[in-house]
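The next block holds one structure in the form of structure tokens; read it before the comments.
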Amino acid sequence: ASYTVLINALCKTGEMQASRELLNEMMDRGLVPDEVTYTVLIDGFCKKGGSLGALELFNEMVEKGRNPNVMTYTSLIDGMYKADKIEEAGRLFEEMLCKGLVPNELTYSVLINGCVNAENMDEAFRLHDEMVKLGFVPNVVVNNTLINGLCKCGRIPEAIELLKQMRSDGSLPDSVTYTTLIDAYCKTGDLPGALKLWDEMWDNGLIPDVVTYNSLIHGYCIQGRLKEAAKLLGEMVQNGIFPNVNTYNILIHGFCKAGEMQEVTNVLNEMMRRGLEPDHVTYTAIINGHRKAGNFLEALKIQKEMEEILSQSK
RNA sequence: GAAAUGCUAUAU
């Protein structure tokens with residue numbers, strides 16, 4: 001159990017090599033990791049270390065006589081979906097059922113999210129109905145997942161219907177629900193609609209987080225209202241919400257599109273002052289901005305800079 | 001001692 005705690009900690013910080021070594025150390029001492037330990041490591045590999053490693057561990061676990069449980073399968077199925085191995089995910093679900101394991105609410109939310117990302121809303125709703133038939137009451141995560149799927153397919157009116165239904169069903173919307181919808185409105189160019197939801201969110205006592213702010217900042221950028229976007233970033237800091245790399249990437253991309261490369265430099269400096277490192281998204285936005293502005297030399301220069309910095313930090 | 005949902009770039 002204490003090994004599991006350590007392995008889990010290493011997984012959460014993405015140090016998969018070290019956590020795998022810890023598992024080996026355990027076995028060298030003659031201990032056979034139990035299903036919880038394996039599940040923690042499998043989940044870690046799904047999130048950071050690659051889906052192949054996760055599948056290998058799963059096989060290893062079975063060879064060692066450990067029985068994967070519902071959590072093991074749910075983690076692994078989620079990992080397969082996220083690695084776009086949809087067939088493998090489906091196969092694992094079947095296997096799990098064959099072994100007599102009963103899917104729970106989280107299993108269903110993972111399956112539904114997989115369908116959503118494959119833009120298969122029919123299957124997502126089929127699974128939703130199935131879980132209801134089995135006696136589960138879809139929670140806020142399941143509903144948020146469906147709302148996201150509807151939004152991504154351009155079915156915003158139906159997403160709003162679901163929001164209303166959540167209220168009457170007592171599965172109260174949370175800030176993720178609102179952020180999903182705000183983002184969708186922003187992307188269709190309906191900033192006023194997004195702002196209406198923003199107010200409604202506050203009225204319901206919900207507090208925006210960094211993703212909510214990022215979505216709305218993006219909305220202002222899409223409208224070319226860059227000053228207001230930058231102002232909103234200031235507001236979020238005042239409200240005690242710390243911007244992340246995405247926040248700055250959104251704003252930098254906005255200024256790049258507008259050809260305001262001086263502003264880009266200012267924002268980039270502010271980002272680094274906050275201790276945030278530009279990533280490949282930051283760089284591709286800036287390189288593209290310079291190209292669009294016709295400054296190919298600067299674009300090349302930054303590309304070189306990116307290659308150097310990003311190879312070092314690895 | 002373990003698992004699920006929302007945000008960013010990619011010219012021609």
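Because only heavy atoms are used, hydrogens play no part in the values below, and waters and symmetry mates are left out as well, while side chains stay in. What you see is a predicted model, and the numbers here were worked out from it, not measured in a lab.
Nucleic acid contact for A:Thr180: sugar-phosphate only, since backbone atoms but no base atoms lie under 4.0 Å from a heavy atom of the residue. Residue contacts shown for A:Ser75 are limited to sugar-phosphate atoms, with no base heavy atom under 4.0 Å away. Using a 4.0 Å heavy-atom distance criterion, A:Thr177 is classed as making no nucleic acid contact. Base engagement by A:Val176 is indicated by at least one non-hydrogen atom pair under 4.0 Å involving a base atom. As judged by a 4.0 angstrom heavy-atom cut-off over every strand, A:Val40 is placed among residues touching the sugar-phosphate backbone only. Using a 4.0 Å heavy-atom distance criterion, A:Thr212 is classed as a base contact. Residue-level contact check: A:Ile250 touches the backbone only, with heavy atoms under 4.0 Å from sugar-phosphate atoms and none from bases. Contact annotation for A:Ser215: backbone-only contact, meaning every heavy-atom pair under 4.0 Å involves sugar-phosphate atoms and none involves a base. Counting non-hydrogen atoms under 4.0 angstrom, A:Asp34 reaches a base of the nucleic acid. Note on A:Thr145: only backbone sugar-phosphate atoms sit closer than 4.0 angstrom, heavy atoms only; bases stay farther off. Looking at heavy-atom distances under 4.0 Å, A:Asn69 makes contact with a base. Residue A:Asp174 is classed as having no contact, given no heavy-atom separation below 4.0 Å to the nucleic acid.
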Show the atom names and distances, to 0.1 Å, of all donor-acceptor pairs under 3.5 Å that link a side chain in residues 205-212 of chain A to residues at least two apart or in another chain.
| residue | atom | partner | partner atom | Å |
| --- | --- | --- | --- | --- |
| A:Asp209 | OD1 | A:Val211 | N | 3.0 |
| A:Asp209 | OD1 | A:Thr212 | N | 3.1 |
| A:Asp209 | OD1 | A:Thr212 | OG1 | 3.0 |
| A:Thr212 | OG1 | A:Thr179 | OG1 | 2.8 |
| A:Thr212 | OG1 | A:Asp209 | N | 3.1 |

Name every donor-acceptor pair, under 3.5 Å, that has one atom in a side chain of residues 193-200 of chain A and the other anywhere in the protein, sequence neighbours excluded.
| residue | atom | partner | partner atom | Å |
| --- | --- | --- | --- | --- |
| A:Glu200 | OE2 | A:Arg167 | NH2 | 2.4 |
| A:Glu200 | OE2 | A:Tyr178 | OH | 2.8 |

Without placing hydrogens or testing angles, list every side-chain donor-acceptor pair under 3.5 Å for residues 226-238 of chain A, not counting sequence neighbours.
| residue | atom | partner | partner atom | Å |
| --- | --- | --- | --- | --- |
| A:Glu228 | OE1 | A:Arg225 | NE | 2.9 |
| A:Glu228 | OE2 | A:Arg225 | NE | 3.4 |
| A:Glu228 | OE2 | A:Arg225 | NH2 | 2.8 |

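Between the CG atom of A:Leu251 and the CG atom of A:Asn246 there is a distance of 12.5 Å, given to the nearest 0.5 Å. Here CE of A:Met306 is found 9.0 Å from NE2 of A:His280. Values are rounded to the nearest 0.5 Å. Once rounded to the nearest 0.5 Å, the distance linking CD1 of A:Ile250 with CG of A:Asn214 reads 4.0 Å. Interatomic distance, CD1 of A:Ile286 versus CD of A:Gln303, reported as 12.5 Å (0.5 Å rounding).
The hydrophobic cluster containing A:Ile86 also contains A:Tyr108, counting ILVMFWY residues as joined when their side-chain heavy atoms lie under 4.5 angstrom apart, directly or transitively.
Pairs engaging residues 19-49 of chain A under the ring pair (Phe, Tyr, Trp, His ring centres under 6.0 Å) rule: none recorded [sequence neighbours left out].
In the region residues 251-270 of chain A, proximity to RNA chain B at under 4.0 angstrom, judged on heavy atoms, holds for A:His253.
When RNA chain B is scanned in the 5' to 3' direction for atoms under 4.0 Å from non-hydrogen atoms of chain A, the outermost contacting nucleotides are B:rG1 to B:rA11.
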